[in-house]
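Working notes for the structure below.
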Amino acid sequence: MKTEKYRVAPGKKVKLSDFDPDDELDGDKSAWKAHFAASSERLVELQELLYAEGKHKLLVVLQAIDAGGKDSTIRKVFGPMNPQGVKVATFKAPTEEELGHDYLWRVHARAPGRGNIAVFNRSHYEDVLIVRVKNLVPKAVWSKRYDHINDFERLLTDEGTTIVKIFLHISKKEQKERLQDRLDRPDKHWKFRKDDLAERARWDEYEDAFEAMLSKTSTDHAPWYVVPGNHKWARDAIIGRILVETLEGLDMQYPPAEEGLEGLEIPD
Ligand code: ATP
Ligand code: MG
């Protein structure tokens, strides 16, 4: 599988209609599943190494429309890892205290430390997505944020963080099915908010906001990947592969043993 095709080249003007939320291999479920199983095993090893080496930091940003699959991606892809080294940060509507600061304040505080992976379930990109679509601040304010975000991510990468940004791309029809499922199944009611319908009605405005985000903030240091999200097995396999490639690119090593360990035996 080639992951480059999902990667947004810096400066490219993205039209989401050019990306297929089903992807072409969608019939071959078992092949995708086997692919994911292999990546998943490798990811567990790589995360152990990242944690043991204690040098690198990995930030994975997940963005999607409502019901886009952020939660299940986190469960499937990051669930098997050692929880000591993985921190999930979920960004909901800001609190009063958070609103009293600049929008990156709460985000910077959740960036990963050495040896850790931080997974952002939503992120600073909400400040150019829902904020833009619902006019929560004037255009003069949100339009400057793309540059801030590129600079902020540059700061993080200059200081040793690796950043991967994943946009889960589902179709409007798939969202309808998933939201309907949340209404039909009592065990999923907790995930449904009436607001989701108002948000769905703004689908086209969200598409514009996602396209602007992808076009303006995919950089060499912090690339976006548009991952087809309609089929969970394909989605997981692609994300797994992207993360394996990213972590393998770090050329990590287990820390050297202390001197004088040769021949040591543990006494009875
Ligand atoms: P799911 O996709 O499974 O429904 P969720 O991430 O939507 O989960 P919710 O509690 O339903 O979780 O929604 C969180 C809400 O918080 C989203 O509507 C999101 O847009 C909003 N939000 C996040 N960050 C901001 C922000 N900076 N400003 C305003 N709203 C925000
Ligand atoms: Mg929601």
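Numbering of ligands and ligand atoms starts at 1, following listing order. Bear in mind the structure is a predicted one, so any value in this text is a computation, not a measurement.
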- In V77, V88, V61, T73, the residue satisfying side-chain contact (heavy atoms from CB on, under 4.5 Å) with V119 is V88

- For ligand 1, protein residues within the heavy-atom limit of under 4.0 Å are D66, A67, K70, D71, F91, K92, A93, P94, R106, R122, E126, D127, I130, V131, L136, R182, K191, R193

- Do you reckon W142 sits in the same ILVMFWY cluster as F91, going by side-chain contacts under 4.5 Å, direct or chained? yes

- Message: Would you call the rings of W32 and H35 parallel, tilted or perpendicular, taking 30° and 60° as the class edges?
- Response: tilted

- Anything under 30° is parallel, anything over 60° is perpendicular, the rest tilted; go ahead and classify F152 against H108. perpendicular

- Test side chain to side chain contact (heavy atoms under 4.5 Å, CB included) applied to T217 and K165, step by step: CA-CA 10 Å; T217 63; K165 301 181 295 197; 4.2 Å; yes

- Answer yes if V131 and F210 sit in the same cluster of Ile, Leu, Val, Met, Phe, Trp and Tyr residues linked by side chain heavy atoms under 4.5 Å apart, and no otherwise. yes

